[in-house]
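Accompanying notes for the structure given below.
Atoms within a ligand are numbered from 1 in the order they appear, just like the ligands themselves. Residue indices begin at 1 and follow the sequence shown.
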Amino acid sequence: MAARAIRERIPLVDLVLEVRDARIPLTSAFGPLKHESCFLDKHIIVLNKVDLADRLLTEKWMKHFREKNYICYGVNSHNKDSIKGLLTLVRNRIRELKGCEANYTTTVLLTGITNVGKSAIANSMHQVGRITATEKGKLKHAIVSPHPGETKDIISYKIASHPNIYILDSPGVLYPEVTDDDYGSKLALTGAIKDSLLDEIKVAQYFLLILSSSEQYKFWEKLTALVHGSTLAESKEKCLADSDTDYRRRTQYSSDHTKDFIVRDVRRTLFKTISSFEGNMQNETDVERLIESQFTALHEAFRLRLSGEDSCSVVASKLLNLYRTGRLGRYTLDLPRNVQ
Ligand SMILES: Nc1nc2c(ncn2[C@@H]2O[C@H](COP(=O)(O)OP(=O)(O)OP(=O)(O)O)[C@@H](O)[C@H]2O)c(=O)[nH]1
């Protein structure tokens, strides 16, 4: 139903903002727009959650889309300046497309797969873009949630006055179109599929595989040095700085209560297990052994008293939560072709 309603809206609106997750710019493509070249003019690809993706790879992806004649913009919907930039782009594009007609009311459709941050963008644009004093206090709020599928209807929000621009937030729809072997794992890890439909242990194992093959864990070496080498004063100072960053991040995610010292222990544990690994990362059995040892060590880092399968599920769920809230580094899971 929602899919049909969205498809029918596309020809009627002035602009379409296709929101994708910057960590998976290909995997999160929105099915109905993939082969729609006739809407190219009014189609803007918005790579959201750039704060969770690798900076350099995001730039490469933007270049890739621009070379294909798409207008592409990277955004962090929690950042006001980033949203202001998106608003300016939308206004300018409307002016380019409509000329003097741009003085009339314009509609912009926000569309995309589940959990890419459409409602968060709608809220931020609505807040940043509302202008007149009389409109203050009349703010609407789209439901933003870490769980996919929360938006159920197409709802409009005013994002500019004189002339009026309305943005239509729409329900996320997944159109399974397998792009590579890891298609499902990438959607699962980034939160586009409901956790209740998944084996969280497998998803966490996938994350550990990505982490172990990346450079990110090397940044956590200093955490080991903190314990062994530095003075107590230095350690305290460093911990306070880390806590501050973590605190700011955590306040964006009200559902997350993981303590800062646990996050530090998790990072330290991951650094230790990967850096002391002597097996071959290309050998499946060796990698399985590494991941198993990481699960055991994380059990302690998370201070769990459970044992057996239950404890593995809890480790998996806590680990995924830390990854998804950006506290275990920035990763781009889809690689542009020239990087593959
Ligand atoms: N780190 C980070 N998180 C974001 C950003 N934008 C959205 N989120 C988070 O992503 C989750 C999903 O956001 P929503 O706005 O509910 O996503 P949606 O696309 O409307 O989801 P559906 O209802 O499934 O269509 C929430 O936990 C948001 O706080 C961002 O730019 N950076």
Side-chain angles (χ1 to χ4, degrees), residues 1-3 5-6 9 16-25 27-33 45-55 58 61 73-87 108-128 140-157 159 167-175 187-198 245-258 320-333:
M1 275 296 275
I6 294 167
R9 287 287 168 116
V16 177
L17 300 190
E18 183 198 354
V19 185
R20 299 192 189 184
D21 187 320
R23 295 166 295 177
I24 46 171
T27 306
S28 60
F30 186 60
L33 288 170
I45 296 180
V46 178
L47 295 183
N48 187 36
K49 308 197 185 185
V50 288
D51 55 308
L52 300 180
D54 182 289
R55 274 193 201 93
T58 299
W61 271 114
Y73 190 82
V75 73
N76 166 2
S77 70
H78 296 147
N79 180 299
K80 221 174 174 178
D81 289 333
S82 187
I83 288 294
K84 275 185 186 162
L86 180 60
L87 265 170
V108 179
L109 178 66
L110 265 180
T111 188
I113 66 162
T114 40
N115 215 40
V116 285
K118 298 177 294 300
S119 301
I121 292 179
N123 273 339
S124 299
M125 288 179 98
H126 181 50
Q127 274 165 24
V128 170
K140 295 201 277 184
H141 290 283
I143 300 171
V144 173
S145 156
H147 309 295
E150 289 290 329
T151 310
K152 310 283 186 216
D153 298 303
I154 299 179
I155 300 174
S156 82
Y157 301 85
I159 58 166
I167 197 148
L168 306 176
D169 184 19
S170 67
V173 185
L174 263 178
Y175 290 81
L187 289 176
L189 182 56
T190 52
I193 303 175
K194 278 196 172 89
D195 283 341
S196 55
L197 302 175
L198 301 167
T245 314
D246 282 344
Y247 175 74
R248 264 186 271 121
R249 223 179 240 294
R250 196 154 31 87
T251 48
Q252 291 176 1
Y253 305 96
S254 52
S255 61
D256 182 34
H257 305 292
T258 311
L320 288 178
N321 190 291
L322 289 189
Y323 160 74
R324 289 176 184 153
T325 51
R327 284 178 293 164
L328 294 180
R330 304 163 68 128
Y331 308 84
T332 298
L333 311 178

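Both the backbone and the side chain of V144 come within 4.0 Å of ligand 1, counting heavy atoms alone. Under 4.0 Å from ligand 1, the heavy atoms of N48 that appear belong solely to its side chain. Under 4.0 angstrom from ligand 1, the non-hydrogen atoms of N76 come from both its backbone and its side chain. Residue S77 touches ligand 1 through backbone and side chain together, judged by heavy-atom distances below 4.0 Å.
The side-chain hydrogen bond (donor to acceptor under 3.5 Å, both in side chains) test applied to D21 returns R23, not counting sequence neighbours. Checked against ring-ring contact (aromatic ring centres under 6.0 Å, His included), F30 has the following partners two or more places apart in sequence or in another chain: Y175.
Remark: distances from the non-hydrogen atoms of G326 to ligand 1 are all 4.0 Å or more.
The closest non-hydrogen atom to atom 24 (O) of ligand 1, taken over G149, G172, A192, comes from G149. For the residues T151, N115, T190, the heavy atom positioned nearest atom 12 (C) of ligand 1 is part of N115.
Every atom of ligand 1 with a heavy atom of A120 under 4.0 Å away is listed here by number and element: 6 (N), 7 (C), 15 (O).
Under 4.0 Å is where a charged nitrogen must lie from a carboxylate oxygen, and between K140 and D169 no such pair does.
Judged purely by atom type and a 3.5 angstrom limit, R20 has no side-chain atom pairing as donor or acceptor with the backbone of V116. In this structure a side-chain-to-backbone donor-acceptor pair under 3.5 Å is present from S170 to L110.
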